[in-house]
Amino acid sequence: MKLPRFEIHRPTSFADASRLLVELGDDAVAVNGGTELLLTMKLGLAVYDHLVDLKRVPELRVLARSGDRLAIGAGMTHREVETSPLVRESFPALAAMLADVANVRVRSVGTLGGNLCFADPHSDPATFLAATDAVVVTGGGGGARRVPVGQFAVGPYETVLESGELLAEIEVPLPGPGTGVSHVRMKTHERPTVTVASRVELSAGVVVAARVAVGSVCSVPVVPDTVSDLIGAAREDWDARVAACAAATADAVDPVEDADGSTAYKRALVEVFVRRGLHRALASAASSGAAGRSTR
Ligand SMILES: Cc1cc2nc3c(=O)[nH]c(=O)nc-3n(C[C@H](O)[C@H](O)[C@H](O)COP(=O)(O)OP(=O)(O)OC[C@H]3O[C@@H](n4cnc5c(N)ncnc54)[C@H](O)[C@@H]3O)c2cc1C
């Protein structure tokens, strides 16, 4: 495996990065950590004459709280977000999810933006961020958009981004009191086989909001409307309602057969992981009363 020759450009502003990509057209591509792109090029699956390196673009290196949201620059590495005191304090479940991605070497160079833009169907952050109503902010190439993470990937390795348009920031709503978020997953190969993220909100012990995202089994993460039956459930109803929601979710998703398993096997995994994930989110919500207790 040999990396083909290319010219590297190192813009120092978002505007310059985007301008370069527009000027160089189809011969150019953005790169950040390079953990996906360089491998793809080494394998001969993609050829580019120009790489626009985003690592020196300050606008992509943001990590801040703004009211009830976190703003995470697309160029922040998994490890920087995972170990940030701000994230650990304000959204520990997000830090815990990122701690499960790949290994520390990949997390130290691979970025959150690179993960979402590569749109590998087997993604932890894409699933988690879809369940938690996160939004991506794009810019450049004539675009400046806010797109829910759940609508960002439109197929395997394909996003809504247009030519010259870059992912700038990910906006993550912080969980309020009484909210529990869980991320459960299993992997048999390098990437996860199944990822399920759940978010539930309790008021006076009763479920008032519930959402689940299922990833890594289909071509893109999905947020099926199959857990609304949990709404209104008090603790004594949780077991039966969670079991019914998990079965309905397994029926609703459309898994893709691949090296990780058959569609029937993946449906069975979805049922088990939705059940597990919802119970963890409920337990977390019940015991916290405080923002976003971390569960795995
Ligand atoms: C061994 C291994 C194990 C892994 N395990 C997991 C796992 O368990 N769970 C999981 O979720 N992921 C896993 N991954 C994927 C990993 O998270 C990604 O490789 C990493 O996040 C990609 O980030 P990057 O900065 O290296 O992207 P790059 O390789 O630099 O870029 C990837 C793609 O995104 C585009 N891009 C990057 N930034 C932007 C931007 N700001 N705007 C527009 N386009 C952009 C590039 O053009 C390219 O097409 C694994 C990867 C490896 C190599």
Side-chain angles (χ1 to χ4, degrees), residues 93 96-97 100-101 116 119-134 148-158 179-202 206-286 295-296:
M97 178 277 294
D100 270 346
V101 169
L116 297 178
D120 187 312
H122 304 264
S123 165
D124 287 289
T127 310
F128 183 93
L129 294 169
T132 51
D133 267 335
V149 169
Q151 294 168 24
F152 184 61
V154 290
Y157 313 105
E158 204 183 339
T179 300
V181 176
S182 73
H183 184 73
V184 291
R185 41 105 76 182
M186 184 190 91
K187 75 176 177 179
T188 36
H189 299 115
E190 223 157 47
R191 312 293 161 100
T193 301
V194 60
T195 44
V196 172
S198 310
R199 183 186 183 284
V200 297
E201 204 179 320
L202 298 181
V206 171
V207 179
V208 291
R211 187 174 165 91
V212 73
V214 177
S216 307
V217 292
C218 306
S219 51
V220 293
V222 290
V223 184
D225 183 21
T226 47
V227 294
S228 52
D229 266 5
L230 254 187
I231 294 171
R235 188 183 282 271
E236 57 274 20
D237 307 320
W238 289 353
D239 281 352
R241 298 247 201 139
V242 164
C245 290
T249 307
D251 274 350
V253 295
D254 196 11
V256 176
E257 182 163 344
D258 61 14
D260 282 322
S262 66
T263 55
Y265 172 66
K266 290 185 177 186
R267 263 188 221 290
L269 283 182
V270 169
E271 183 165 354
V272 170
F273 279 80
V274 170
R275 200 163 54 222
R276 188 177 297 172
L278 282 173
H279 274 302
R280 288 190 188 185
L282 284 164
S284 171
T295 58
R296 291 190 185 208

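We're numbering straight along the sequence, starting at 1. Small disclaimer: the values here were computed from a predicted structure and weren't measured. FYI, side chains are in, hydrogens and waters are out, and symmetry mates aren't considered; it's all heavy atoms of this structure.
- In this structure, CD1 in Ile231 is found 9.5 Å from CD in Glu201, a value given to the nearest 0.5 Å.
- Contact check on Asp258 versus Lys266 returns a salt bridge, with a Lys/Arg side-chain nitrogen under 4.0 Å from an Asp/Glu carboxylate oxygen.
- Here Thr249 contributes atom OG1 and Leu278 contributes atom CG; the two are 7.0 Å apart, rounded to the nearest 0.5 Å.
- The minimum heavy-atom distance between Pro192 and Asp124, with the atom names listed, is CG-OD2, 3.5 Å.
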Item to check | Pair Val208-Leu202, side chain to side chain contact (heavy atoms under 4.5 Å, CB included): steps then yes or no | outcome: CA-CA 6 Å; Val208 291; Leu202 298 181; 6.0 Å; no
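- In plain terms, the two heavy atoms of Ala119 and Ala153 that are nearest each other are CB-CB, 4.1 Å.
- Atom NE2 of His122 and atom CZ of Arg191 lie 9.0 Å apart (nearest 0.5 Å).
- Here the rule is side-chain contact (heavy atoms from CB on, under 4.5 Å) with Ser198, and of Ser182, Cys245, Ser284 only Ser182 fits it.
- Between Thr132 and Arg199, the shortest heavy-atom distance links the atoms CA-CD, 4.1 Å.
- Note: Arg235 CZ to Leu282 CG = 8.5 Å, rounded to the nearest 0.5 Å.
- Heavy-atom minimum distance, Pro121 versus Pro156: CG-CB, 3.9 Å.
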Next on the checklist: side chain to side chain contact (heavy atoms under 4.5 Å, CB included) for Thr127 and Val196? Distances and angles first, verdict last.
Outcome noted: CA-CA 7 Å; Thr127 310; Val196 172; 5.7 Å; no
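- A donor-acceptor pair under 3.5 Å links the side-chain atoms of Arg267 to the main chain of Val253, judged by distance alone.
- Distance alone, capped at 3.5 Å, places no donor-acceptor pair between the Trp238 side chain and the His279 backbone.
- Heavy-atom minimum distance, Ala197 versus Phe128: CB-CA, 3.6 Å.
- Under the 4.5 Å side-chain criterion, counting only non-hydrogen atoms from C-beta, Val270 is in contact with Val217.
- Once rounded to the nearest 0.5 Å, the distance linking OG1 of Thr193 with CZ of Arg185 reads 9.0 Å.
- The main-chain N or O of Asp229 is found under 3.5 Å from a side-chain atom of Arg241 such that the two form a donor-acceptor pair.
- Residues Arg211 and Asp133 are paired through a salt bridge, judged by an N-O separation under 4.0 Å between the basic side chain and the carboxylate.
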